[in-house]
Each structure stands twice: as structure tokens, then as C-alpha cells.
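What follows is one structure encoded as C-alpha cells, with my remarks underneath.
Every chain is numbered from 1, with letters handed out A, B, ... down the list of sequences.
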Amino acid sequence: MIAVSTINTLKFDPTPCTGCGMCVNVCPHGVFAMNGRVAYVVRADACMECGACQMNCPFGAIQVDSGVGCAAAMIRAALTGKHQPECGCN
Amino acid sequence: MQTNASMIRATTRALTWANRWDHFLARWSFNRMGHRIEPGLYALGHPNADAPVFVTANYTLSFDALRSALVGIDGYILVLDTQGINVWCAAGKGTFGTDELVQKIETTGLRDLVRHRTLILPQLGAPGIAAHEVTKRAKFKIEYGPVRAADLPAYLKTRQATPEMRRVNFPLLDRVVLIPVEFIATLLPLVIAAVVAFVLGGWFAAFAVIAAIVAGTVLFPILLPWLPTHAFSSKGFILGALVAIPFALSVFLKNPDQALWVRALGALTYALTLPPITAFLALNFTGATTFTSRTGVRREMFAYIPAMAWTFGTGIALTIIFASIRILGGAQ
């Protein structure tokens, strides 16, 4: 796994990638693109760590610590002593 | 397996006034968790065995956005039980998830209604669904449709989403519709803060605090892309400073016969207290946006919350000192 950005936790390993293109389809910020037979990272810093790519990669080529990018949720988690922040909105 | 036709509910593309009223209430945080429809299978129009199957959440805004967008399309809508939460947030929580989808495919008897084995999911459901898992377990292929339901008719023509359909933007209208929820969420703190400010500094101070809070909840979402700097907190500090300037100036200029240091101290209380209020609310808006990452927000919190606490704390300390001086001064 190779870290691709200094400002988020996205990691990508092109070795197991088969080029199915699922990561390109699910990413809402155009982080991935197809480079002939495999995917590659084009906008690494745009990743919002939603986890859709990791979830939908059948080959385990993507890793990201997904979670809510929400300050209110993290503050709430800190105040209530919960480890994992959960969003309270809908 | 026998298909139970009575399990299929009928729905239409038309949004009624009752639907629109329900959307309005949801946007204003009224009965926040109560905007639900029954999970299960719905028939839109008169779908046949080849009709497309769409999957969505049981939040009325999600369901209604989907069905009203499907102009001229007969199909099935499979509604997952996300407890009244929209697709994106439910996917994050896992309720719009692989298990729930597989279970709904089984319990609704979808397999016996359609000849094909394809489901069209909203792209924003992807953080909760492992498409290959669903295929393995339920033998249905997942197709991620566009981000916005409004793009579905165009998508269905080619079954290909353009890069534009796959991208999440956060245009003005999308930001503006969030304002009521933000505003309502701060209503109680706003009243309390205004009362405290009134006690400390009268109507003027109460008005200043209200202005700082409204700037954070109403102006900030509108101005988001145009405020300079990258971090939400620094954007909020800048907006809060702009709000504080007229108040600080007016305090400074109000009583020219007072000692300069008293007028400067009075102005400083506003300049220090108001910006961190707006900045804090701006930081909290990260959760409502479509692009902030957890790592980024955490880093921002560590960088800016101490600054907010210090400026606010110093401002409050000065306010109390200033109020005491005024009371003592008035007693002379």
C-alpha cells in the first residue's frame, strides 16, 4: 500500500488492481482515473475519506481510514467519551 | 418462491402539496427523524419484468427525489430501511448497507418480479455497499448510477454516467437549503448567549452576539467558496472579524470624552469575543459539506480550537473587567 496524499489517509496499491473501474465510478471527487489496464490516482488531495472505493474494490487495492469529516461529531465523541464519532444529523 | 403482489406498494412521479410540506418541515428540522416511508418494494407506473430497479433510502426527501426524477420511466423502487436517514449519511453509518440490501432483495421477492439481475444504486450509497459482495450473496449485479437523481433519465439512455454526473458539487442552492437546519440547531444557544450578553453589556452586546451567531449559521454557508483561506475555522475567523468591526468601531467612537484606553478596551472586547463564535460555527459546518475529510477536520480542530478558546476567553475576561469598570465608574 502506498500513501498517495499528505493530507488524508488514502492508500493505493496498483499490484492487485485489475482495472475494473469501480473506484472511478464510486468516487464523488474524481480521485481515480483509468490508465489503460489499471486505475491510478489523479486527485489524491481531493479525497474526503468516505470509503466508497475501498468498500467496492473487490481486490483490496485501496485502503482508507473512512469516517465522518464533521467537527461537531468529533467534538460530541470527545465530550461523551466515545471512540468513534458518529454523525447525529440526517 | 411465491411472489406476494400485495407486498408491492404503488407510487407515482407526482409530488403532492403534502409531500412538499413534508420536505419543508424536514428542511426546518421539524420532527427530524420522522420523515420516513415504509421500507420495501414500490412499483412506479406499470413496470414489467424488464423494468429497471432503483434502490434508495426510506427518507422522504431521498425517495421523493428519486421518484419525481424518473419522468417517463416505469420501474421498481427498492427502499432500504435506513431509519429515515438519507442515502449518503446512512451509507456512512452502514444502514444503507450490504446486509440490508441483500435482506431486502430476499424478503421482497424481487427475484421473481424481474427477469434481469441488475440494481441501479445511487452513487452516494457506495460507502455502505460492497457491490461485489451483493453479487456474490444475492446474485444481483450493482450498477452505480449518477450522484443526483435528476441525472437518471440521461443515465438510463446509455447506462453510463458522465464524469460530471459522478462528481459532487456544493453549489449555492445546495448550501442555502442547509441554512434552516444550521440556524435551528443554534437557536437555543443563541437565546442563552444573547441573554448573557444583555446582562453584561445591554442591547448592543446582545445584538452583537446574535450577529456573530447568524453570521456563522446563515452567512457562512452562503459565502463559503468566496471566503479566503482553506480551513473553515480561518474562513470563520475572517467572517467573524468582518462582523465585529462595526461593533468595535462603534464602541470606540461612541463616547469620545472617555479615556482612550477605556474606549480601546471596550472595542477590544467585541473584536476578541465575536470572531471565535463565528469561527466555531464555521468549523461545525464541515459536517454539512460534501468534501471535508476526517483527517483534515481533525487536523483543523487541533490547529484552531485552542485559538478560538483563547481569543474568546480573553474577550470574555475583558468584557467582565470592562463591565466592572463601567459599573464602578457609574457609581462615582
Using non-hydrogen atoms only, which part of A:Thr6 is less than 4.5 Å away from chain B: side chain, backbone, both, or neither? backbone
Which atom pair, heavy atoms only, marks the closest approach of A:Gly69 to B:Thr292? O-OG1, 2.8 Å
Side chains of B:Val297 and A:Cys70, heavy atoms from C-beta outward: is any pair under 4.5 Å? no
Heavy-atom proximity to chain A below 4.5 Å, by part of B:Phe291: both
Between atom CZ of A:Phe59 and atom NE2 of B:His132, what is the distance when rounded to the nearest 0.5 Å? 8.5 Å
Select, from A:Gly51, A:Cys53, A:Gly30, A:Cys20, the one with the greatest count of heavy-atom pairs under 4.5 Å involving chain B. A:Gly30
Flag the one option from B:Ala288, B:Gly287, B:Gly296, B:Ala126 with the top tally of heavy-atom pairs under 4.5 Å to chain A. B:Ala126
Heavy-atom distances under 4.5 Å only: say whether B:Phe285 touches chain A with side chain, backbone, both or neither. neither
Would you say A:Ile7 and B:Arg299 make side-chain contact, with heavy atoms under 4.5 Å? yes
Need one label for A:Val64: side chain, backbone, both or neither, based on atoms under 4.5 Å from any heavy atom in chain B. neither
Got a donor-acceptor contact below 3.5 angstrom from the B:Thr286 side chain to the A:Ala71 backbone? yes
Donor-acceptor contact below 3.5 Å, side chain A:His29 vs main chain B:Thr290: yes
Close side-chain approach of B:Thr98 and A:Met55, heavy atoms under 4.5 Å: yes
Let me know if B:Ser29 has heavy atoms under 4.5 Å from chain A in its side chain, its backbone, both or neither. neither
With heavy-atom distances below 4.5 Å as the criterion, would you say the side chains of A:Asp65 and B:Arg294 are in contact? yes
Please flag which part of A:Val68 lies under 4.5 Å from any non-hydrogen atom of chain B: side chain, backbone, both or neither. backbone
A:Cys50 versus chain B, heavy atoms under 4.5 Å apart: side chain, backbone, both or neither? both
Can you say whether A:Thr9 sits under 4.5 Å from chain B via the side chain, the backbone, both, or neither, judging by heavy atoms? both
Measuring heavy-atom distances to chain A, does B:Ile305 have an atom under 4.5 Å in its side chain, in its backbone, in both, or in neither? side chain
I'd like to check A:Asn56 versus B:Ile142 (side-chain heavy atoms, cut-off strictly below 4.5 Å). Are they in contact? no
When the 4.5 angstrom heavy-atom criterion is applied to B:Ala130 and chain A, the contacting part is both
Rounding to 0.5 Å, atoms CZ (B:Arg167) and CZ (A:Arg43) come to a distance of 4.0 Å
Of the backbone (N, CA, C, O) and the side chain (C-beta and beyond), which part of B:Arg298 lies under 4.5 Å from a heavy atom of chain A, both, or neither? both
Proximity breakdown for B:Leu61 and chain A, heavy-atom pairs closer than 4.5 Å: neither
Heavy-atom pair count under 4.5 Å with chain A, highest-scoring of B:Met301, B:Gln123, B:His35: B:Gln123
